[in-house]
Amino acid sequence: MLGRLIHARMCCRSLSVVQRRTINVESSTKLGFPCAYSEEETKKILHTLNQHDVDELYKYNISKYRLKKIEGWRRKFGTFLSLEQVLELDGFGVTVLRKFYDSIVHGPKEDAVTAPKAIKKDVKFTTPLLSAQMIPKISSCVSLYIGLDYVTWAHFKLAKDVPTVLAGWNSYNISDRKLHINELIRNVSQINQLIPEADVYVVENPPVAQASAMGSAAQTNINVQRSQLIGMLMLMLANRPSPFTGGGADQPTDGSIGSNVFFLKQYLSARLFGIFIGNERVSSEEVIRSFMERQLAPNEESLESIQSHLAIPSGLKIIYEENDSTEREFLGQSLLLGLTFLRLCVFKCEDSLKLFRR
């Protein structure tokens with residue numbers, strides 16, 4: 001009996017030794033990732049994954065969609081601590097990840113090194129397009145974030161060779177989601193009077209359709225009211241005096257009412273500032289507070305143009321802090337919306353543009 005126990009213990013020890021030789025890196029396998037890389041290879045993969053620029057990662061065996069997921073994780077959490085951690089991102093499976101890691105270990109194909117330059121292109125961010133002739137004439141901008149209960153806006157002042165200034169931000173609460181058309185017109189008129197004058201006005205492009213429960217008349221009414229609100233408000237802003245609404249070469253050719261109103265692609269600001277996780281927009285408060293403390297959001301120290309930096313007066317910081325969390329969120333979204341428009345469409349910041357050229 002004793003001999004059998006000794007033999008069993010020796011077998012267990014032998015098995016554990018074999019396991020240690022096979023798995024050279026201490027990492028959890030709860031996600032089912034077969035750890036088939038040596039310790040040196042694992043270090044190389046993690047270093048590449050955490051330290052290399054996004055343009056450099058693109059030359060490996062990975063799609064631009066999955067690369068954006070990795071980029072979003074790095075913006076929010078910093079570094080990956082293990083090979084398996086990438087499996088937590090949407091769109092990554094074991095097979096996909098192994099191909100990606102293998103290309104890091106063995107090196108990319110020769111023609112892949114030049115891939116980022118080959119795909120570099122101009123991206124359409126706004127409707128209508130912002131022409132090159134219009135850009136030098138823009139000295140002020142108002143961005144609006146329109147929700148179900150709030151309309152918030154941020155007012156920016158632009159000047160050459162100095163940081164862009166947040167000149168003001170404000171909000172308007174819509175108390176009822178089921179307003180009669182007359183009441184809605186009255187609310188829109190009041191909002192229009194509060195919004196400051198500017199050269200251009202920017203709003204996020206609303207979704208074409210919004211899913212609602214079958215037979216949900218209440219939800220349908222809410223969606224209709226929001227569409228009516230956006231349409232009425234944009235029409236009023238488009239009729240304001242502007243350097244771009246008096247006719248001439250700067251006028252849009254796509255039938256738009258007025259080229260002083262621009263619709264920015266949906267979720268563009270959330271992607272630029274790393275607050276788009278999975279398929280949802282998350283809170284902007286952390287990014288806004290980083291602007292208030294350092295005048296730059298995370299990962300923006302390399303911005304070359306001084307105009308791309310944002311100056312927020314102390315009085316506007318106090319206004320932000322005095323509001324409740326819901327209103328702070330709407331104020332933050334309106335600020336990021338305007339800053340996204342300026343960096344991508346007006347200042348043409350290369351650090352920002354390269355995120356959307358893949």
Side-chain angles (χ1 to χ4, degrees), residues 122-145 152-171 192 194-204 234 237-238 240-246 248-252 256 258-265 268-269 272-273 284 287-288 290-292 294-297 300-317 319-320 331-356:
D122 290 330
V123 182
K124 180 181 177 181
F125 294 120
T126 63
T127 303
L129 292 173
L130 182 64
S131 69
Q133 293 80 11
M134 296 172 65
I135 292 175
K137 299 180 181 180
I138 298 176
S139 60
S140 60
C141 169
V142 169
S143 55
L144 300 99
Y145 186 79
T152 58
W153 56 90
H155 184 203
F156 300 88
K157 289 290 185 68
L158 290 62
K160 191 176 181 180
D161 298 328
V162 296
T164 297
V165 177
L166 179 65
W169 56 10
N170 207 339
S171 63
N192 182 52
L194 293 172
I195 295 174
E197 297 284 343
D199 293 332
V200 292
Y201 305 90
V202 184
V203 66
E204 187 175 66
M234 293 306 101
L237 294 176
R240 287 185 174 188
S242 168
F244 315 120
T245 56
D250 290 334
Q251 292 307 294
S256 302
S259 57
N260 63 330
V261 174
F262 295 91
F263 290 88
L264 201 63
K265 272 189 175 181
L268 205 62
S269 59
L272 178 60
F273 290 99
S284 64
V287 176
I288 299 302
S290 67
F291 273 121
M292 291 182 173
R294 299 163 39 235
Q295 306 302 311
L296 283 174
E300 292 186 319
E301 287 80 359
S302 60
L303 285 173
E304 295 181 1
S305 171
I306 192 171
Q307 267 190 310
S308 303
H309 298 183
L310 180 66
I312 305 178
S314 57
L316 295 182
K317 296 178 183 179
I319 291 176
Y320 180 84
L331 288 170
Q333 294 293 353
S334 66
L335 184 146
L336 296 184
L337 184 66
L339 201 54
T340 299
F341 171 76
L342 294 175
R343 289 185 176 177
L344 295 178
C345 304
V346 179
F347 304 143
K348 303 286 186 179
C349 297
E350 189 58 35
D351 284 336
S352 300
L353 287 169
K354 69 181 181 182
L355 300 177
F356 304 98

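Please read all numbers here as calculations on a predicted model, not as lab measurements.
- Atom CZ of Arg343 and atom CD of Gln307 lie 11.5 Å apart (nearest 0.5 Å).
- Qualifying side-chain contact (heavy atoms from CB on, under 4.5 Å) partners for Val200, counting only residues two or more places apart in sequence or in other chains: Ile138, Cys141, Phe244, Phe262, Phe341.
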Item to complete: May I have the step-by-step check of side chain to side chain contact (heavy atoms under 4.5 Å, CB included) for Lys348 and Ile135, ending in yes or no?
Response: CA-CA 10 Å; Lys348 303 286 186 179; Ile135 292 175; 4.0 Å; yes
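- Take Phe125 and apply the ring-ring contact (aromatic ring centres under 6.0 Å, His included) test, not counting sequence neighbours, and it matches Phe356.
- Residues passing the side-chain hydrogen bond (donor to acceptor under 3.5 Å, both in side chains) test with Thr152: none are found, sequence neighbours excluded.
- Atom OG1 of residue Thr126 and atom CG of residue Leu268 lie 10.0 Å apart, to the nearest 0.5 angstrom.
- The shortest non-hydrogen separation linking His155 to Glu197 is NE2-O, 3.6 Å.
- Between Ser143 and Ser334, the closest heavy-atom pair is OG-O, 2.6 Å.
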Report task. Verify side chain to side chain contact (heavy atoms under 4.5 Å, CB included) between Leu339 and Phe291, making sure each step is shown before the conclusion. Result -> CA-CA 11 Å; Leu339 201 54; Phe291 273 121; 3.3 Å; yes
> Step by step, would you call Ile195 with Arg240 a side chain to side chain contact (heavy atoms under 4.5 Å, CB included)?
Replying inline: CA-CA 11 Å; Ile195 295 174; Arg240 287 185 174 188; 3.8 Å; yes
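- With values rounded to the nearest 0.5 angstrom, Cys345 atom SG is found 9.0 Å from Leu129 atom CG.
- The structure places CG of Leu130 at 12.5 Å from NZ of Lys124, a figure rounded to the nearest 0.5 Å.
- With sequence neighbours excluded, no residue forms a side-chain hydrogen bond (donor to acceptor under 3.5 Å, both in side chains) with Tyr145.
- Between Ile288 and Leu336 there is a side-chain heavy-atom pair separated by less than 4.5 Å.
- Across all their heavy atoms, Ala238 and Asn260 have their closest contact at CA-OD1, 3.5 Å.
- When the ring-ring contact (aromatic ring centres under 6.0 Å, His included) test is applied to Tyr320, the partners found at least two apart in sequence or on another chain are Trp169.
- Atom OG1 of residue Thr127 and atom CG of residue Leu264 lie 9.0 Å apart, to the nearest 0.5 angstrom.
- Partners of Ser171 under the side-chain hydrogen bond (donor to acceptor under 3.5 Å, both in side chains) rule, at least two apart in sequence or in another chain, are Glu327.
- Rounding to the nearest 0.5 Å gives a distance of 9.0 Å between CD of Glu204 and OG1 of Thr340.
- Contact check for Val203 versus Leu237: no side-chain heavy atoms found under the 4.5 Å cut-off.
- With sequence neighbours excluded, the residues satisfying side-chain hydrogen bond (donor to acceptor under 3.5 Å, both in side chains) with Asp199 are Ser139.
- What you find for Ala167 and Lys157 is that their closest heavy atoms are CB-CG, 3.7 Å.
- Residues Ser259 and Met134 come closest through the heavy atom pair O-CE, 3.5 Å.
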So Leu353 and Leu344, side chain to side chain contact (heavy atoms under 4.5 Å, CB included) or not? Walk me through it.
CA-CA 6 Å; Leu353 287 169; Leu344 295 178; 4.0 Å; yes
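- A side chain to side chain donor-acceptor pair (under 3.5 Å) check over residues 159-168, counting only residues at least two apart or in different chains, returns nothing.
- Every residue two or more places apart in sequence or in another chain was checked for a ring-ring contact (aromatic ring centres under 6.0 Å, His included) with Phe156, and none qualifies.
- For the pair Leu166 and Leu316, the tightest heavy-atom approach, listed with the atom from each and the gap, is O-CD1, 3.0 Å.
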